[in-house]
Amino acid sequence: MSGHGSGDLRLSSVTKSFESFTAVDDISLTIPQGSFFALLGPSGCGKTTTLRMVAGLEQPTIGTIHIGDADVTSLKPYQRNVNTVFQSYALFPHLNIIDNVAFGLRQRKDGDWKRKAQEALDLVELGHTAKKKPPQLSGGMQQRVALARALVNRPDVLLLDEPLGALDLKLRRQMQIELKRIQSEVGLTFIHVTHDQEEAMTMADTIAVMNGGRIEQLADPATLYEKPASTFVANFLGQSNLLPAEVVSEGGAAENGVVTVRTRDHDDIAVAAEHLPPGIRSVWVGVRPEKLRIGDAGRNRLRGVVTDASFTGVATQYLVRLPWGKELVVVQQNDGSGRLPVGENVTLSWDPGQEFILDQAQDADAGAEIDDE
Amino acid sequence: MSGHGSGDLRLSSVTKSFESFTAVDDISLTIPQGSFFALLGPSGCGKTTTLRMVAGLEQPTIGTIHIGDADVTSLKPYQRNVNTVFQSYALFPHLNIIDNVAFGLRQRKDGDWKRKAQEALDLVELGHTAKKKPPQLSGGMQQRVALARALVNRPDVLLLDEPLGALDLKLRRQMQIELKRIQSEVGLTFIHVTHDQEEAMTMADTIAVMNGGRIEQLADPATLYEKPASTFVANFLGQSNLLPAEVVSEGGAAENGVVTVRTRDHDDIAVAAEHLPPGIRSVWVGVRPEKLRIGDAGRNRLRGVVTDASFTGVATQYLVRLPWGKELVVVQQNDGSGRLPVGENVTLSWDPGQEFILDQAQDADAGAEIDDE
Amino acid sequence: MSDAAVAVPPPRRRVRRNWVPYALLAPGLLWLVVFFVVPTVSLVSQSLQTGDVFNGYTLTWNVQTYVDALGTYWPQLLRSLVYAGLATVFTLLLGYPLAWFIAHRSGRLKNVLLVLVIAPFFTSFLIRTLAWQTILGNGGLLETTMGALHLTWLLHGFESFLGLVNLGTGNQLLYTPFAVVAGLTYNFLPFMVLPLYANIERLDLRLVEAASDLYATPASAFRRVIWPLSLPGVVAGTLLTFIPATGDYINSVLLGSTQTVMIGQVIDSQFLRVLNYPLAAALSVALMALIITFVTVYVRRAGTEELV
Amino acid sequence: GSKGTNATATGGAKPSAKAATDLSDTDKLVNWSNWPEYIDVAESGGGHPSLEEFTKKLGIKVNYTEDYNDNDEFYAKVRPLLAAGEDTGRDTWCSTDWMVARLIRQGYVQPFDLANIPNHGNVDGSLKDVEFDPGRKYSLPWQSGFAGIAYNPQATGGRKIESVDQLLTDPALKGKVTLLTEMRDTVGLVMMAMGKSIAKFTDADFMAAIDEIKKAKEAGQIKGFTGNEYTKPLASGDTAACIAWTGDVVQLQADNPKLGYVLPSTGCTLWSDNFVIPALAKHKKNAELLINYYYDPAVMAQVVDYVNYISPVQGTKEILTKDDPTVAENQLIFPSADTLSRAQVFRGLSEAEETKYTQAFQSVVTG
Amino acid sequence: MSWLRRHAVRIVGLLVMAYILLPNLVVLAYSFNKPKGRLNITWQEFSLDAWLNPCNSPGICSSVGLSLKIGIIASLTATVLGTLVAFALGRHRFRGRAGTNVLIFMPMATPEVVMGSSLLTLFIALGVGTGQTTILIAHIMFCLSFVVVTVKARIASLDPRLEEAAADLYASPAQAFRRVTLPLVAPGIAAGALLAFSLSFDDYIITNFNASPSSVTFPMYIWGAAQRGVPVQVNVIGSVLFLAAVAFVGIGQLLASGRQRARA
Ligand SMILES: Nc1ncnc2c1ncn2[C@@H]1O[C@H](COP(=O)(O)OP(=O)(O)OP(=O)(O)O)[C@@H](O)[C@H]1O
Ligand SMILES: Nc1ncnc2c1ncn2[C@@H]1O[C@H](COP(=O)(O)OP(=O)(O)OP(=O)(O)O)[C@@H](O)[C@H]1O
Ligand SMILES: NCCCCNCCCN
Ligand SMILES: [Mg+2]
Ligand SMILES: [Mg+2]
């Protein structure tokens, strides 16, 4: 508790190597105090390792970590005002639930620990389990206890390592709201690791997408989704239709802010000039499935055949095969309009500006295939 | 293996009590051979217990279980041609991955176990981990091994207890496709427990929604979603806007197949006569968030103020407050149309027939609140 | 910034990692070094001396003592290993079901049963072993009970069987190798049951269910899942049983005969009666060396080095 | 360790035992180690009446410890202390003749101050001048006894067992015979049965006896070699016949009068366990006063009446004839001259002999 | 038949339990014997005499007292030292770890006569008089290994993430040890201590070498007495200690489960 700072969390050129393997590779970022920051990335990309370094459970091989002005890099975990909700819960099996939650408070000699711990437990709707032991609770309940145990300390930085993974949808949504409420009320800095993208997008102010120990892109959720900086981000966050195309306008010159590119099938597509990275002629034109409308309402049109339709409740997802074989994913909200049968010929359309454009030098499948360590 | 039947799986009046507590309460259902069946329901509702009885790991207190014509109720687990992917994986820590996968094959003296196990492992993209031990794999990888270990036996019935819970979205979608492929190719019967509703809806032929040990509704995904039989199902599956209303047409008489009901705010709403349960005058009119369009394109219209907007990638979710205080959830696909700012006055509209109607005697919040045992 | 970044050594951690284990070890190891290693070193030196107790000994590096000792007493040494081995197998066969029973089937009685396993120690083992004389002896409890049940034929049959397999004389239970092995088994059972229990209690029964789900009958689930997972407990238990049982001789003295002499008896007699200290020391050193070698190989083979 | 043992490398001339400053007058205490159940016990089971009386009379407390189970074991326990010139914590104990010989030879025991033992003259005539301690300067007998043959008729099928021959060869006794770990008793009886004298024998005689025992053992005749613990199996019948010490069997006969005890016609051993005072004993005088006390025939009579061994003190018989005639008439407790004529005393052994014979005997015992 | 199969473990377990307890039952039975002569060898008649006067046999109760005292001190000391060693071995990688492991096993592999006599030689060389202190030293030494093996097994099963969680919740290493590690390892430590106490309380051979006539332990007393047939009081005291241990835990268990029921 001594020597902790309060303020922005700053990682400077942080690298962590385990013997020959580099789990986290030269990460620098600043997380403003009181913001909700999310880390996304495939399994094994270094998310947990990054959190562990912030918590002090792991020493960076290179680099420094500051909270406010204080360099906490070599502070012991118990000297940092940082708490973690562990991916594996790590509840103390010999202590009952209330004592688990009160652990940090009592460690800091908080006289009011009883009331505070009970409150935190009530918050996660587990007030009635205070006297039980961890093994008597279901996985979801244990996860909520872990959450309460960390929250109750009101740390400067709260690290959440997939804190809601074991909860069912309803409960997860409700906990998300609680977390968000606490965060904005108390002004804690949250760093949240999750594999629920919707969770990251709705909750976080800023999201960092990690890949192989590095940060691929760091932005607010909307930018990340609508202007992914790489095919990896485009594919990892939501679904993307990537069409290979060549810029055909002379010198990439724009007409009314629009540039024409040509697909392999010799369809011309108009894209926003501002989206086109300068100096590149071979591009991926990326269109999100929900931007593709069935019908010819948009200016860019492609024809194809429906090969698959699946109902997901809110929406229906179609696969549409283009004449040259490429399959596009199309999502259509179930707002009452009729569903298309498989085999139907359809026109897909969208307007210029709804796309994003990436350099064709990048691998179109990055982030879409399985990526085992 | 001796004495197992092959054919439809039939549970007849199955009940399971633990001392005084009834975990599964008089369930009867038939699952046709080769179908993909999903069990949904809140934590502790008896899903795992049901699977365990099918697997033979638990004896029903009352009732029988048949596979085809054979009564398997009292057969030992190892005598049933049923395999399980356990919620907790239950990998054998002392065996390496390939031996884990080959366990069942070798138990049945399958001479070709080596090849088959390796194939199954390749299928879940873990061929390269054959010689590792389970603790060396990440949670998601372990889950895939558990999947391979069950699949490789090609059982009559495959029980999947949240088999994809630890995987990130990308991987989960890919595994879903694989599972579906195997199921339709091999013609196994799958019983799938999941808390990912989208997963249940896209994969299952039939879904049973359980609550408190009983089946609340059993139907195909679209029916379940669009014609929920209870407020519990309506709320548990996706989001629902439930508007209390009274039937005003004399004797509930229909005009052009449409009946008018009146909300608390004296707004008249037209609903499809066929949706109205006979003999009931106080109703819940349910409208899914994606059915509500912003603007007055539909015949039923309500006015309100946007109080919240959140971006989820594919769509944006709005909260719209009606004059009498009720907040409605509205989902709008991000197809490129502009986003509404908070505070904007909007008209929401939908057409008659897009609603579902339930008896107002039911609790509007059933299935929406947290439900601890 | 990157300059500053490079300069982040975690020196304090390194240092701590180095001295902590030694600090933890120090008191215990010091104790062992002073009160075990020093005497053992002098024991080894004793085994290499010549002379006698009345005229004193000198260190002559006389290895011949070892040759003589092993040449003369290898049968007793071998017998000790065999008896201890048999007792270890029996403690395992009996202890495993008991440990399982206590761990998974005894409900609230668990702690009481655990104490019942260890509580006999509080009644001196000498009295308990003497009680075995009362039980197994002529006209003892066993014979009387069997007689009352008209099962004397069974007892005699068993005695004859023991005679056939060289574990008995064919006409009695007491004072036979059988009695010695039974006594060893009895005396060392708690040493087997406790570590087994500790292991089995932690065993994840869901794995057994998984095996059964994968067509394993109870027998093959045991062989392929339960047994391999209990190995650490089995190894600890067999070591705690086998090692002391090899050097034990009270059971042989009280329950055995002149045909069951174990190496401990020989060492005892050489030490206390013959006063041939070098020979006794040589036999002790040989026994210790043998056991250590055996244990090392065994633990390696069982692949549980880290666990024991 | 070599350090301790090297200190014994005195060899040659008899070393003399060191005396400590005697604390007797200030510290009214005496430490006495003795064999188990070798002293009178009150009917109620409480204490030892003769000891209590001693304390009452002289004001000297007795620390009576029954930790002398066996000559060899006891020697092994105290030898390192004696060799290192340290106090053993005991002021007196009772060692068997041959052990006394060894202790004297090694200079581990102190000569008595006979002035403190005026009763020493009461020692039985036959025990006054023994080869290992002429004139009883270092030792005085506590109890004497025979080693003979005991049997349980229940286990022998009612037959009497009267000879060493029967013990070693009778097939009816196979596996039900115990011999003593006391070499002199066991080998002694066998040698006498082979017609040799144990007061005067050669290496060859000894080894022949050893061979005889070995043969019996290898034939499975001998169940075991025991210390004092032979009594229990004898009483229960697990042992059919054994070499046994008189007093023990007489005591057993109180429970089971059918038990037989025979002094074989070929000869039995006669031995004594003797008080000695070890080097550096802190309460030498008190020990001497204790010995003197027990050399009062009235006191000794009280002990013998209980332990049923042979009294080394003159005048005991007379007292018991009055008080407990059955004891006084028992040939095993108060043997007649005729009985005594069957008994022989094992001759003293040189160090070399002792080592050689013990090794040979032990190689049978633990072979 | 199927009943038999279902209850096989229970049946075998109870039979083995009976095997373990049978001698104690015999000891208990003979504690009610009234020997006709002086020896408690064969059953004569029922009596409560010995139970009414358990200390009646000279020296018996003081020897029990001494054994209890030595047992408690030795097991506590060995438990502390052994637990530290177990933590070092179970939680740290360091140079000399393999050698330490062998050193831990060696005392168990040493025959008791050898250990007893060579220790005595050492004490003499050091000029330490035998007595309670030397017995204690010896007991601590041979109990140590058993404690280490038992505690280490428990430590091996401990989840290191729990200590990290404690550190994350502001517990210094010492505090984390006291509030998390120690309670979790406690059952292993308790088992080790119990084992150590039993070993110390029951040791004869090593004790006999390093004792003095003023430090006669209960096993030494029995050993002497057993040469001639054990006095009935020994059966009484053996039974009392046995029953006390069982009752102690049994009552504790009853109280605990009573508390649990009250809570539920
Ligand atoms: N102690 C360690 N020793 C060696 N390698 C390690 C260690 N800890 C982590 N790693 C490796 O570092 C990489 C990053 O691990 P990390 O746990 O940070 O992943 P993650 O992003 O949290 O993954 P997940 O989503 O599966 O939890 C992995 O490849 C892992 O194998
Ligand atoms: N062995 C048991 N003894 C007593 N109660 C049990 C037992 N097994 C399950 N239960 C109870 O039965 C109920 C149903 O449990 P089950 O595991 O089937 O739930 P579930 O639907 O699988 O929940 P989840 O989604 O959390 O896995 C729970 O309330 C649980 O506490
Ligand atoms: N119970 C006392 C027995 C004493 C025996 N003394 C042994 C002398 C052997 N020759
Ligand atoms: Mg992680
Ligand atoms: Mg479940």
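So you know, we letter chains A, B, ... as the sequences are listed, proteins then strands, and number each from 1.
With chain B as partner, the option from C:L214, C:V225, C:D204 having the largest number of non-hydrogen pairs under 4.5 angstrom is C:L214. Ranked by heavy-atom pairs shorter than 4.5 Å toward chain C, the options B:N153, B:V82, B:L91 are led by B:N153.
Shortest non-hydrogen contact noted between B:Q107 and C:S220 is NE2-OG, 2.6 Å. The shortest heavy-atom contact between C:Y215 and B:G104 is CD1-O, 3.8 Å.
Within 6.0 Å of CZ in C:F161 there are 12 or fewer heavy atoms belonging to other residues, nucleotides or ligands.
Looking only at side-chain heavy atoms (C-beta outward), C:L207 and B:P93 come within less than 4.5 Å of each other.
Both the backbone and the side chain of C:D213 come within contact range of chain B, each with at least one heavy atom under 4.5 Å from a heavy atom of that chain. For B:F103, the parts lying near chain C are the backbone and the side chain together; criterion is any non-hydrogen pair under 4.5 Å. Both the backbone and the side chain of B:R106 come within contact range of chain C, with heavy atoms under 4.5 Å apart. With a 4.5 Å cut-off on non-hydrogen atoms, C:A221 does not touch chain B at all.
B:H94 contributes a side-chain N or O that, together with a main-chain N or O of C:R224, makes up a donor-acceptor pair within less than 3.5 Å.
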C:L229/B:F92 under side-chain contact (heavy atoms from CB on, under 4.5 Å): CA gap, chis, key distance, verdict: CA-CA 9 Å; C:L229 290 175; B:F92 303 120; 5.7 Å; no

